[in-house]
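Okay, so here's the structure we're looking at.
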Amino acid sequence: MSFTTQTITNNNTTMPSYLAIFDLDETLIAADSARLWNHFLVEKGLAPSSLLTHEHAMMAAYTKGSLDMDHYMKTTLEPLKGKTPHTIKQLVDEFIHVVITPAIYPQALDRIEWHRKRGDHILIISATGEHLVKPIATALGIDNVIAIEIEQNQGVYTGKTTGILSFKEGKVERLKLWLQQQKHSYKGSYGYSDSINDLPLLSLVNKPFAVNPDPTLAMHAQMQEWTIMDWRHDNNILR
């Protein structure tokens with residue numbers, strides 16, 4: 001495998017295709033799925049209201065690019081502790097149906113379909129827990145997912161993470177590991193994200209797109225002459 005700051009390739013096959021990499025929150029959906037999930041748990045009586053206060057402060061740090069992701073995950077995974085994946089999946093299925101589906105950008109579905117018709121391989125890389133990202137990706141018809149891995153012990157969640165957190169530079173590290181496992185060859189790569197936290201990933205791909213960008217990413221994208229897509233102002237969907 002060859003991996004440079006400009007190109008993603010994998011030389012395991014003779015039939016290369018493009019790789020389309022999407023962030024999830026605020027990129028494909030008009031919200032942060034983890035934040036909505038926390039509200040959902042509080043409304044269900046499965047988490048204390050104080051969780052939302054803590055999360056609000058941490059998300060302010062995320063916007064500034066200074067979030068301590070270890071602390072964030074430890075705090076927000078506390079409601080999962082001691083619960084089985086089956087129990088959480090039932091809650092997540094309801095959450096996706098009621099909360100996430102209305103928040104999906106129609107333009108995101110169009111872009112995913114554009115890549116699918118080209119025969120591109122589509123991958124979601126998210127800094128949200130896999131218990132949310134994987135089923136949301138399934139709802140979007142996407143099989144390939146990199147998300148923060150959630151630890152289990154004796155069939156229940158421990159409330160901890162495991163492995164490399166797919167956040168900031170961690171997304172690049174996880175992507176490298178994922179590429180090493182692939183049997184496909186990629187002759188080019190597209191990358192889509194809204195956040196300055198994903199600058200390491202967007203700087204890596206061949207064709208970066210700033211989608212619904214935060215102010216800092218928007219400025220960087222303009223300076224680098226990246227394509228900017230803004231789907232926020234044409235929709236009356238959940239914010």
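Every heavy atom of this structure was used, including side-chain atoms; hydrogens, water molecules and symmetry mates were not.
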Exercise. Should the pair W231 and Y105 be assigned to parallel (<30°), tilted (30 to 60°) or perpendicular (>60°) ring geometry?
Worked result: perpendicular
Exercise. Can you find a heavy atom in the side chain of L217 that is under 4.5 Å from one in the side chain of L202?
Worked result: yes
Exercise. Of all heavy-atom pairs between D25 and T128, which one has the smallest distance, and what is that distance?
Worked result: OD2-OG1, 2.7 Å
Exercise. Around atom CG of D143, are there more than 12 heavy atoms of other residues, nucleotides or ligands at under 6.0 Å?
Worked result: no
For this session: Identify the heavy atoms of D23 and L28 that sit nearest to each other, and give their distance.
Result: O-CG, 3.4 Å
For this session: Identify the heavy atoms of V205 and G191 that sit nearest to each other, and give their distance.
Result: CG2-N, 3.7 Å
Report all side-chain donor-acceptor pairs from residues 80-87 shorter than 3.5 Å, counting only partners two or more places apart or in another chain.
{"from": "K81", "atom 1": "NZ", "to": "E78", "atom 2": "OE1", "distance (Å)": "3.3"}
{"from": "K81", "atom 1": "NZ", "to": "E78", "atom 2": "OE2", "distance (Å)": "3.4"}
{"from": "K83", "atom 1": "NZ", "to": "P79", "atom 2": "O", "distance (Å)": "2.9"}
{"from": "T84", "atom 1": "OG1", "to": "T87", "atom 2": "N", "distance (Å)": "3.1"}
{"from": "T84", "atom 1": "OG1", "to": "T87", "atom 2": "OG1", "distance (Å)": "2.9"}

Exercise. So Y18 and Y190, would you call those rings parallel, tilted or perpendicular, with 30° and 60° as cut-offs?
Worked result: perpendicular
Exercise. Does one hydrophobic cluster hold both I164 and I146, with members joined at side-chain heavy-atom distances below 4.5 Å?
Worked result: no
Exercise. Going through the checks in order, is the side chain to side chain contact (heavy atoms under 4.5 Å, CB included) test met by L123 and V145?
Worked result: CA-CA 6 Å; L123 170 69; V145 172; 5.6 Å; no
Seminar exercise, completed: Residues D214 and S195: closest non-hydrogen pair is OD2-CA, 3.3 Å
Exercise. Going through the checks in order, is the ring-ring contact (aromatic ring centres under 6.0 Å, His included) test met by W37 and F95?
Worked result: CA-CA 7 Å; W37 170 248; F95 168 70; 5.3 Å; yes
Exercise. Does K89 pair with E94 as a salt bridge, N-O distance under 4.0 Å?
Worked result: no
Exercise. Side chains of T27 and N212: do they bring a donor and an acceptor to under 3.5 Å?
Worked result: no
For this session: Mind running side chain to side chain contact (heavy atoms under 4.5 Å, CB included) on E149 and R174 for me, showing each step along the way?
Result: CA-CA 11 Å; E149 298 171 322; R174 290 285 301 279; 3.8 Å; yes
Problem set entry | Single-linkage hydrophobic cluster, 4.5 Å side-chain cutoff, V99 and I88 together | yes
For this session: Would you please test M229 and Q107 for side chain to side chain contact (heavy atoms under 4.5 Å, CB included) and show each step?
Result: CA-CA 10 Å; M229 296 178 167; Q107 297 95 326; over 6 Å; no
For this session: Scan side-chain atoms only and decide if R111 and Y192 contain a donor-acceptor pair under the 3.5 Å cut-off.
Result: yes
Seminar exercise, completed: For I125 and K171, the nearest pair of non-hydrogen atoms, with its separation, is O-NZ, 3.1 Å
Problem set entry | Working for side chain to side chain contact (heavy atoms under 4.5 Å, CB included), residues L52 and N38 | CA-CA 7 Å; L52 303 182; N38 291 332; 4.0 Å; yes
For this session: Keeping the roles fixed (side chain from T101, backbone from I96), state whether a donor-acceptor pair exists under 3.5 Å.
Result: yes
Exercise. V98, I100: one ILVMFWY side-chain cluster at the under-4.5 Å cut-off?
Worked result: yes
For this session: Compute both the distance and the angle, then confirm whether R118 meets the cation-pi test with W114: under 6.0 Å from the six-membered ring centre, within 45 degrees of the axis.
Result: yes
Exercise. Do S17 and D120 have side-chain atoms, one donor and one acceptor, less than 3.5 Å apart?
Worked result: no
Problem set entry | Residue pairs passing the side chain to side chain donor-acceptor pair (under 3.5 Å) test where at least one lies in residues 155-169, sequence neighbours excluded | E151-T158
Exercise. Do you know which two heavy atoms are closest between V42 and P48, and how far apart they sit?
Worked result: CG2-O, 3.5 Å
Problem set entry | Charged N-O contact under 4.0 Å between E113 and R116 | yes
Exercise. Do the rings of Y186 and W178 sit parallel, tilted or perpendicular, given the 30° and 60° boundaries?
Worked result: parallel
